[in-house]
Chemist: 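Here you go, one structure.
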Amino acid sequence: MIKEIKELYVAQTDNKVIVFSTNLKDFVISLDSVAKNLKNYMYYYREFKKTDYIEHIAADGRKFYLQKVL
């Protein structure tokens, strides 16, 4: 594993990783281009402090699974 990576966030839908990033802000920005009706960055910051797994249902009904891996 690369020691410089402190965090890794992934978003999955239909058993495929569609977005990943080592920075939460970049992750939320990238995810916004794929899944609409996201909450703001601070919401995800606070949620990932509590848990490492969030389920998001987009406006079109697709389920996205957001996870903090590291």
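Heavy atoms only: backbone and side chains are in, while hydrogens, waters and symmetry mates are out.
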Chemist: Does some side-chain heavy atom of Val69 sit less than 4.5 Å from a side-chain heavy atom of Phe20?
Modeler: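 No, every pair of side-chain atoms sits at 4.5 Å or beyond.
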Chemist: Could you list the residues that satisfy salt bridge (Lys or Arg N to Asp or Glu O under 4.0 Å) with Lys49, not counting sequence neighbours?
Modeler: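 Lys49: no salt bridge (Lys or Arg N to Asp or Glu O under 4.0 Å) contacts found.
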Chemist: Spell out, yes or no, whether Val10 and Ile57 are grouped together once hydrophobic residues are joined by side-chain heavy atoms under 4.5 Å, including indirect joins.
Modeler: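 As far as the 4.5 Å side-chain criterion goes, Ile57 and Val10 are not connected within one cluster.
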Chemist: Taking only residues at least two apart or on different chains, which pairs with a member in residues 51-67 satisfy side-chain hydrogen bond (donor to acceptor under 3.5 Å, both in side chains)?
Modeler: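 Applying side-chain hydrogen bond (donor to acceptor under 3.5 Å, both in side chains) to every pair that reaches into residues 51-67, excluding sequence neighbours, yields Asn37-His56, Asp60-Arg62.
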Chemist: Applying side-chain contact (heavy atoms from CB on, under 4.5 Å), run through Phe27 and Tyr44 and close with a yes or a no.
Modeler: CA-CA 10 Å; Phe27 176 72; Tyr44 294 105; over 6 Å; no
Chemist: Just verifying a value: how many Å separate Leu38 CG and Leu31 CG, rounded to the nearest 0.5 Å?
Modeler: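 The CG atom of Leu38 sits 4.5 Å away from the CG atom of Leu31.
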Chemist: Would the number of heavy atoms belonging to other residues, nucleotides or ligands and lying under 6.0 Å from OH of Tyr45 be above 12?
Modeler: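 Atom OH in Tyr45 is not crowded, with 12 or fewer foreign heavy atoms closer than 6.0 Å.
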Chemist: Let me check something: do Leu24 and Val34 share a hydrophobic cluster, defined by ILVMFWY side-chain heavy atoms less than 4.5 Å apart, either directly or through other members?
Modeler: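 Yes; tracing contacts between hydrophobic side chains, which count when under 4.5 Å, links both residues.
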Chemist: With heavy-atom distances below 4.5 Å as the criterion, would you say the side chains of Ile18 and Phe64 are in contact?
Modeler: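 SC-SC contact between Ile18 and Phe64 confirmed.
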Chemist: For Phe48, does the CZ atom sit with more than 12 other heavy atoms under 6.0 Å from it, leaving out its own atoms?
Modeler: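 Yes - once you tally the heavy atoms of other residues, nucleotides and ligands closer than 6.0 Å, there are more than 12.
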Chemist: By the side-chain hydrogen bond (donor to acceptor under 3.5 Å, both in side chains) test, which pairs, at least two apart or in different chains, include something from residues 11-30?
Modeler: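 The answer is none; no pair qualifies.
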Chemist: Give a yes or no on whether Tyr41 and Ile29 share a hydrophobic cluster (residues Ile, Leu, Val, Met, Phe, Trp, Tyr; joining criterion: side-chain heavy atoms under 4.5 Å apart).
Modeler: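 No, because Tyr41 and Ile29 fall into different hydrophobic clusters, even though each may have its own neighbours under 4.5 Å.
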Chemist: With the 4.5 Å side-chain cut-off for hydrophobic clustering, are Leu8 and Leu66 part of the same group?
Modeler: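 Hydrophobic grouping puts Leu8 apart from Leu66.
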Chemist: If I compare all heavy atoms of Glu47 with all of Ile54, which pair ends up nearest, and what's the gap?
Modeler: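 Heavy atoms of Glu47 and Ile54 come nearest at CB-CD1, 3.5 Å.
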